[in-house]
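Below you'll find the structure, written out as structure tokens, and then a few comments.
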Amino acid sequence: FYQGLRLIRDLEFPLTFKILRRHQNSALFTVSKIQRKEYLLGLRAHGMRFGEVEDRVFAIYHGVDTREYRPMPNVEKAEFRIGFIGRCTPVKGIEIIPELASILAKEIPEVRFQIVTKTDAQDPCYLELLGKVHAMKLDELVRIDNTFYHGEEKVEVINSWNVMLLPSRYEPQGQVDLEAMACGVIPAVGMGGLREKVVDGFNGIWINPENIRETAEK
């Protein structure tokens, strides 16, 4: 989590620590166990003794508005659709999709993938993904949608999928798994805080983004 422009988070570590120390009746709520751990490790990285506040930092899960994120019976689910929505970055596991699509197409001929990732058209990760899809001749199988959906449009897109694929290698928070479940769509999640909310085989699927064949089997 020390990557990119994280100035706000670096300010949050010492400021919340000072508040918790000064106000003994205060508490800090994080959105997952893994983010709680990240916060305490962040305090240590900033030279602070987190033991003074550790018992007042809690994981408390958020939810999504189920009046907005809901099943839409009128949205057509043609073929067998697997969707991804998220940032175009290796931490999200996005680059496993072409090979995964190639494996699944042999078992499920009607499978189709939609990758929703709003990014710069010159983003190296995006260009690599486009190149891989084209080189593997998956253009008919994998649709890359460089669009930012929000509101009803986003809910409709999610409803058009059978499975939402979230192959994150690290995800301390995340709520797209909850958005999928609220729409009646199965989330297939990678690592991190997503696994705290998704129970494998009950309300979703756990996958290993480091093992594409195993992911295909799941």
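This one's a predicted model, so the numbers in the text were calculated from it and none came from an experiment.
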Taking the side chain as every heavy atom from C-beta outward, state whether [X] and [Y] have any pair of such atoms under 4.5 Å apart.
{"X": "Glu128", "Y": "Cys125", "value": "no"}
{"X": "Ile85", "Y": "Thr117", "value": "no"}
{"X": "Met164", "Y": "Leu166", "value": "yes"}
{"X": "Ser168", "Y": "Tyr170", "value": "no"}
{"X": "His134", "Y": "Asp139", "value": "yes"}

Worked check of side-chain contact (heavy atoms from CB on, under 4.5 Å) between Phe113 and Leu100: CA-CA 10 Å; Phe113 281 78; Leu100 179 64; 4.2 Å; yes
With rounding to the nearest 0.5 angstrom, report the [atom1] to [atom2] distance, [X] to [Y].
{"X": "Arg36", "Y": "Ile60", "atom1": "CZ", "atom2": "CD1", "result": "13.5 Å"}
{"X": "Glu156", "Y": "Asn74", "atom1": "CD", "atom2": "CG", "result": "10.0 Å"}
{"X": "Leu20", "Y": "Asn25", "atom1": "CG", "atom2": "CG", "result": "11.0 Å"}
{"X": "Phe29", "Y": "Gln35", "atom1": "CZ", "atom2": "CD", "result": "14.0 Å"}
{"X": "Leu127", "Y": "Gln122", "atom1": "CG", "atom2": "CD", "result": "5.5 Å"}
{"X": "Gln114", "Y": "Ile158", "atom1": "CD", "atom2": "CD1", "result": "10.5 Å"}

More than 12 heavy atoms from other groups under 6.0 Å of NZ on Lys18: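 Count not over threshold, so no.
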Greater than 12 external heavy atoms within 6.0 Å of Glu110's CD: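 More than 12 within 6.0 Å, yes.
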Minimum heavy-atom separation for [X] to [Y], with atom names?
{"X": "Gly42", "Y": "His46", "result": "O-ND1, 2.8 Å"}
{"X": "Met48", "Y": "Pro14", "result": "CE-CB, 3.2 Å"}
{"X": "Pro98", "Y": "Val133", "result": "CG-CG2, 3.9 Å"}
{"X": "Gly151", "Y": "Glu68", "result": "CA-OE2, 3.8 Å"}
{"X": "Phe84", "Y": "Ile94", "result": "CE2-CD1, 3.6 Å"}

Cluster companions of Val31 among Ile, Leu, Val, Met, Phe, Trp, Tyr (side-chain spacing under 4.5 Å):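 Members besides Val31: none; it forms no cluster.
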Any donor-acceptor N/O pair, Asn159 side chain to Met72 backbone, under 3.5 Å: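 Such a contact is found between Asn159 side chain and Met72 backbone.
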Is there a continuous path of hydrophobic side-chain contacts, each under 4.5 Å between heavy atoms, that joins [X] to [Y]?
{"X": "Ile103", "Y": "Met136", "answer": "yes"}
{"X": "Leu28", "Y": "Ile19", "answer": "no"}
{"X": "Ile144", "Y": "Tyr149", "answer": "no"}
{"X": "Leu129", "Y": "Leu165", "answer": "yes"}
{"X": "Ile115", "Y": "Ile108", "answer": "yes"}

Results of side-chain contact (heavy atoms from CB on, under 4.5 Å) for Arg81 - residues two or more places apart only: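 side-chain contact (heavy atoms from CB on, under 4.5 Å) list for Arg81, sorted by chain: Ala78, Glu79, Ser160, Trp161, Asn162.
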Pairs satisfying side-chain hydrogen bond (donor to acceptor under 3.5 Å, both in side chains), at least one member in residues 202-216, at least two apart: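 Checked against side-chain hydrogen bond (donor to acceptor under 3.5 Å, both in side chains) - neighbours excluded - the pairs reaching residues 202-216 are Arg169-Glu210.
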All pairs passing side-chain hydrogen bond (donor to acceptor under 3.5 Å, both in side chains) where residues 48-60 contributes a residue, at least two apart: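 Those involving residues 48-60 are Arg21-Glu52.
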Run the side-chain hydrogen bond (donor to acceptor under 3.5 Å, both in side chains) test against [X] and tell me which residues pass, sequence neighbours left out.
{"X": "Thr16", "value": "Tyr39"}
{"X": "Glu76", "value": "none"}
{"X": "Thr119", "value": "Asp123"}
{"X": "Thr66", "value": "none"}

Go through the structure and list residues passing salt bridge (Lys or Arg N to Asp or Glu O under 4.0 Å) with [X], not counting sequence neighbours.
{"X": "Lys218", "answer": "Asp200"}
{"X": "Arg87", "answer": "none"}
{"X": "Asp145", "answer": "Arg143"}

Derivation and outcome, side-chain contact (heavy atoms from CB on, under 4.5 Å), residues Thr30 and Phe58: CA-CA 6 Å; Thr30 64; Phe58 302 94; over 6 Å; no
Expected list for residues 177-198: side-chain donor-acceptor pairs under 3.5 angstrom, two or more places apart:
{"from": "Asp177", "atom 1": "OD1", "to": "Lys197", "atom 2": "NZ", "distance (Å)": "3.3"}
{"from": "Asp177", "atom 1": "OD2", "to": "Lys197", "atom 2": "NZ", "distance (Å)": "3.4"}
{"from": "Glu179", "atom 1": "OE1", "to": "Lys154", "atom 2": "NZ", "distance (Å)": "3.0"}
{"from": "Glu179", "atom 1": "OE2", "to": "Tyr69", "atom 2": "OH", "distance (Å)": "3.4"}
{"from": "Glu179", "atom 1": "OE2", "to": "Lys154", "atom 2": "NZ", "distance (Å)": "3.4"}
{"from": "Glu179", "atom 1": "OE2", "to": "Gln175", "atom 2": "NE2", "distance (Å)": "3.0"}
{"from": "Arg195", "atom 1": "NE", "to": "Gly190", "atom 2": "O", "distance (Å)": "2.6"}
{"from": "Arg195", "atom 1": "NH2", "to": "Ile207", "atom 2": "O", "distance (Å)": "2.9"}
{"from": "Glu196", "atom 1": "OE1", "to": "Lys33", "atom 2": "N", "distance (Å)": "2.8"}
{"from": "Glu196", "atom 1": "OE1", "to": "Tyr61", "atom 2": "OH", "distance (Å)": "2.5"}
{"from": "Glu196", "atom 1": "OE2", "to": "Lys33", "atom 2": "N", "distance (Å)": "3.2"}
{"from": "Glu196", "atom 1": "OE2", "to": "Ile34", "atom 2": "N", "distance (Å)": "3.1"}
{"from": "Lys197", "atom 1": "NZ", "to": "Gly174", "atom 2": "O", "distance (Å)": "2.6"}

Verdict with reasoning, Leu141 to Leu104, per side-chain contact (heavy atoms from CB on, under 4.5 Å): CA-CA 10 Å; Leu141 201 66; Leu104 285 178; over 6 Å; no
salt_bridge(Lys92, Glu171) N-O dist < 4.0 Å: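 So Lys92 pairs with Glu171 through a salt bridge.
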